[in-house]
2 protein chains.
Amino acid sequence: MASMKDVAEMAGVSISTVSRVINDTHPVDGKTRRAVEDAIRMINYRPNLLAAGLRSKSGNLIGLAVPDIAHHSFEEFIKYTEQSVREHKHGLIIGDTHSDPDAEAEFIDHLIRRNVDGIIFIRVSDQSRALDMLNETSIPYVVLDRALESGTVPTVTMDNFTAGRLAAEHLLGLGHSRIACLTGPLDVALCRERLNGFTQALSHAGHRLPDQWIFEGDFRFESGVRTVELLLKSKPRITALWAQNDLMAIGIIGGMIDHGLAVPRDMSVAGVDDIVTCRMVRPQLTTVSQPFEAMSRAAVQLLMRERSAGKRLTERIVIPTELVVRQSTAPPAERTGSPQLKTKKESL
Amino acid sequence: MASMKDVAEMAGVSISTVSRVINDTHPVDGKTRRAVEDAIRMINYRPNLLAAGLRSKSGNLIGLAVPDIAHHSFEEFIKYTEQSVREHKHGLIIGDTHSDPDAEAEFIDHLIRRNVDGIIFIRVSDQSRALDMLNETSIPYVVLDRALESGTVPTVTMDNFTAGRLAAEHLLGLGHSRIACLTGPLDVALCRERLNGFTQALSHAGHRLPDQWIFEGDFRFESGVRTVELLLKSKPRITALWAQNDLMAIGIIGGMIDHGLAVPRDMSVAGVDDIVTCRMVRPQLTTVSQPFEAMSRAAVQLLMRERSAGKRLTERIVIPTELVVRQSTAPPAERTGSPQLKTKKESL
DNA sequence: ATCGTTTGCGAAAACGATTTCCGAGTTCAG
DNA sequence: CTGAACTCGGAAATCGTTTTCGCAAACGAT
């Protein structure tokens with residue numbers, strides 16, 4: 001591989017000058033500059049990023065820690081983060097933590113050793129060692145999608161409160177009043193936040209959300225399926241359900257179909273995220289969008305700003321969200337006299 | 001950050017010895033070794049990967065070039081590749097090429113400058129510049145999932161021929177004889193390979209696959225939806241359809257439901273890949289599995305072997321596949337006298 | 001005419017590891 | 001007892017950049 005030295009020799013200048021031409025870090029005479037550029041092209045020179053990073057203490061890298069790479073709720077974060085990182089002329093190094101603190105710490109250790117310029121966490125846990133490790137360095141980091149309790153960590157989240165409110169208002173608007181909710185793990189702040197928005201909108205409309213209508217899930221498809229079983233057992237006669245993410249909502253739909261029930265006929269279902277799968281299932285899922293691209297961009301930009309500011313910023317960026325109406329929600333069916341109810345195998 | 005020098009001083013040895021302890025590259029006396037290890041722990045020393053990589057010409061990195069990070073058919077490749085790479089104590093740097101040769105070349109350039117130890121392509125195109133660039137270096141690479149025409153490139157693929165055969169045999173076994181196929185782009189070798197296995201199994205059973213029953217798609221969900229429109233226009237009276245990937249198969253199911261048709265009642269549908277979405281849609285999709293994990297592991301291992309062999313290997317690894325039967329396939333319905341046919345809005 | 005300031009460039013010192021070379025002491029076979 | 005081989009470890013070169021320092025020439029303002 002050709003090195004700067006080769007370029008310098010070929011162009012008849014010093015190594016320093018070559019570096020200056022490449023990085024535009026100091027004025028260089030037009031003629032000299034052209035000579036260097038020609039030489040670079042001539043011998044197909046590629047600046048070595050390890051050497052540059054070693055000296056300048058910037059690996060030209062961003063790290064991305066994800067709890068599960070193949071999880072549908074994260075794939076778009078990964079995609080847009082990569083895109084944004086690349087626009088900033090950096091590389092993206094990705095690590096799957098499997099939600100395991102040890103794996104996470106190991107990955108962060110690896111990143112530190114690589115002189116990364118910043119790290120993005122998707123859904124780090126509150127008691128993660130990783131953030132402590134990073135606080136001993138000067139490496140900027142951002143937590144995406146999950147605000148932490150401690151207010152000192154920079155985060156980028158969607159407007160979770162409004163998400164809950166939008167879902168509730170949509171269902172209320174269709175005429176529903178007996179509405180249940182399938183939440184994520186309630187020890188996670190964003191779930192409580194979404195739930196707050198949801199209940200507040202309900203109570204504004206004069207409705208309550210009794211505790212028996214709140215189901216706690218784990219954000220995975222199976223949660224939704226299992227919740228249908230619970231519903232069939234307790235038969236709370238609800239007419240609509242809002243799941244706090246799409247995967248669970250799709251699980252609800254699947255579970256209902258498995259029991260001979262139909263959505264939205266027998267129950268309206270809505271979710272959160274607007275993952276691509278929403279358009280693949282039937283009925284297509286009504287949902288509140290997670291602004292994946294805007295959030296990813298904001299996270300990368302925050303990192304870059306933090307780097308150039310040279311100090312930790314503790315911003316909490318909140319990206320607005322909106323409702324996407326599709327097929328899984330409709331006005332509540334009349335409970336009696338409806339002919340199809342008679343042919344149903346089961347009912348809620 | 002502490003450096004080797006600090007460790008050496010603290011342990012009262014030379015830098016070389018510290019390096020030898022860390023890399024186990026030369027015998028070191030037990031006492032000295034312990035002194036060094038203590039010092040390392042004491043000052044929380046982390047070897048710098050950039051410095052190490054610069055000198056040893058190994059970035060401890062694997063690059064992964066993907067046409068679309070958020071595409072469901074790839075996400076499991078990404079996940080398992082990351083896992084396998086990490087087991088080999090390397091980092092994974094990921095790039096989305098958007099199937100664009102320029103973006104791809106730019107990413108490869110970036111990787112070369114980082115002294116990566118190997119590169120995995122998912123579905124590189126035949127006329128990609130990237131492979132030429134790499135052939136000028138000594139960096140090993142592997143193409144995952146799509147065998148190239150030119151036999152000199154190391155590849156890891158599933159057994160595409162058998163995939164086609166398994167799909168056909170399954171549908172034949174259920175009693176179908178009028179079976180259509182929705183292929184991927186037919187200029188792609190693996191699609192023809194799958195089709196060959198499919199048609200061969202059909203003809204072994206004494207059936208033909210007429211040209212009008214072969215539809216060419218692009219591996220995306222919308223292809224499936226669109227194909228249903230075509231089927232409704234030409235009404236070929238087929239009873240089963242095999243799509244060459246799950247996304248298109250799920251599109252078929254969606255399109256049929258949109259037209260008041262049901263799967264497998266009105267048509268059996270099968271796919272290829274066994275992505276997680278298969279279990280989320282209703283009916284759950286019968287499919288031929290893509291062995292994501294085995295393929296990813298094989299690709300990473302091939303890279304590592306190539307590195308230690310010190311020369312290009314041109315292996316073509318083929319991983320076996322198997323049929324996964326779920327709900328979207330069933331024996332063909334009787335075409336006449338079937339009561340539900342009368343209530344259908346449309347029919348194939 | 002003089003004194004700063006800017007422009008333009010080279011020499012050389014980092015950055016933090018690995019690797020080569022070498023030398024001193026031990027062990028062991030013949 | 002001797003030479004070869006092995007064990008252990010230090011000094012120094014090296015990887016390919018960036019960055020600091022210094023110097024000379026040109027420039028602009030007083």
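Every chain is numbered from 1 and lettered A, B, ... according to where its sequence line falls, protein lines coming before strand lines. All values below come from the heavy atoms of this structure, side chains included, with hydrogens, waters and symmetry mates left out. Bear in mind that the values here come from a model prediction, so they are computed numbers and not experimental data.
The side-chain hydrogen bond (donor to acceptor under 3.5 Å, both in side chains) analysis of residues 28-37 of chain A, with sequence neighbours excluded, yields the pairs A/D24-A/R33.
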With a 3.5 Å cut-off and sequence neighbours excluded, list the donor-acceptor pairs that the side chains of residues 112-122 of chain B form with protein atoms.
from   : atom 1 : to     : atom 2 : distance (Å)
B/R113 : NE     : A/P47  : O      : 2.8
B/R114 : NE     : B/H110 : NE2    : 3.1
B/R114 : NH1    : A/G59  : O      : 2.9
B/R114 : NH2    : A/G59  : O      : 3.4
B/R114 : NH2    : A/N60  : O      : 2.7
B/R114 : NH2    : B/H110 : NE2    : 3.0
B/N115 : OD1    : A/N48  : ND2    : 3.4
B/D117 : OD1    : B/S58  : OG     : 2.9
B/D117 : OD1    : B/R307 : NH1    : 3.2
B/D117 : OD2    : B/S58  : OG     : 3.4
B/D117 : OD2    : B/N60  : N      : 2.8
B/D117 : OD2    : B/L61  : N      : 3.1
B/D117 : OD2    : B/H90  : ND1    : 3.2

Side-chain atoms of residues 100-107 of chain A: list all donor-acceptor pairs with protein atoms under 3.5 Å, sequence neighbours left out, distances to 0.1 Å.
from   : atom 1 : to     : atom 2 : distance (Å)
A/D100 : OD1    : A/D102 : N      : 3.2
A/D100 : OD2    : A/A103 : N      : 3.2
A/D102 : OD1    : A/R129 : NH2    : 2.6
A/E104 : OE1    : A/S128 : OG     : 2.4

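Distance CG (B/L50) to C1' (C/dA14): 15 Å, rounded to an integer number of Å. In this entry the distance linking CE of A/M4 with C1' of C/dA11 reads 15 Å, nearest Å. The interatomic distance linking B/I15 (CD1) with C/dT20 (C1') rounds to 15 Å, in whole Å. Between B/R20 atom CZ and C/dT20 atom C1' the separation is 10 Å, expressed in whole Å.
In plain terms, the two heavy atoms of B/R123 and B/P67 that are nearest each other are CB-CG, 4.1 Å.
Defined by atom type and a distance below 3.5 Å, a donor-acceptor pair is present between the side-chain atoms of B/S14 and B/T17.
Helix bend of the helix from C/dA1-D/dT30 to C/dG30-D/dC1: the angle between its two end axes, each built from five pairs, comes to 20° after rounding to 10°.
Counting any heavy atom pair closer than 4.0 Å across all strands shown, B/V18 reaches no nucleic acid atom. Residue A/R113 is out of contact with every strand shown, counting any heavy-atom pair closer than 4.0 Å.
A/D96 contributes a side-chain N or O that, together with a main-chain N or O of A/I69, makes up a donor-acceptor pair within less than 3.5 Å.
Look at B/T25 and you won't find any side-chain N or O under 4.0 angstrom from OP1 or OP2 of C/dT18. Distances shown here put a side-chain N or O of A/T17 below 4.0 Å from the OP1 or OP2 atom of C/dG10. OP1 or OP2 of C/dG10 lies within a sub-4.0 Å distance of a side-chain N or O belonging to A/S14.
Between A/H26 and A/N23, the residue anchored closer to the 5' end of DNA chain D is A/N23, taking for each the nucleotide with the nearest heavy atom.
Shown for residues 52-63 of chain A: residues whose heavy atoms fall under 4.0 angstrom of DNA chain C, namely A/L54, A/R55, A/K57.
By the 4.0 Å N-to-carboxylate-O rule, B/E82 lies close enough to B/R86 to be salt-bridged with it.
More than 12 heavy atoms of other shown residues, nucleotides or ligands fall within 6.0 angstrom of atom CZ in B/R312.
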Under the criterion salt bridge (charged side-chain N to carboxylate O under 4.0 Å, His left out), I'd like the reasoning laid out for B/E293 against B/R297: C-alpha separation, chi angles, the key distance, then a yes or no.
CA-CA 6 Å; B/E293 182 165 1; B/R297 298 202 106 78; 2.8 Å; yes

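Within the 4.5 Å cutoff, the side chain of B/I275 has heavy atoms near those of the B/F292 side chain. Counting only heavy atoms from C-beta outward, the side chains of A/H71 and A/V66 never approach each other to under 4.5 Å.
With a heavy-atom cut-off of 4.0 Å to chain B, the contacted part of DNA chain D has its first and last nucleotide at D/dC8 to D/dG16.
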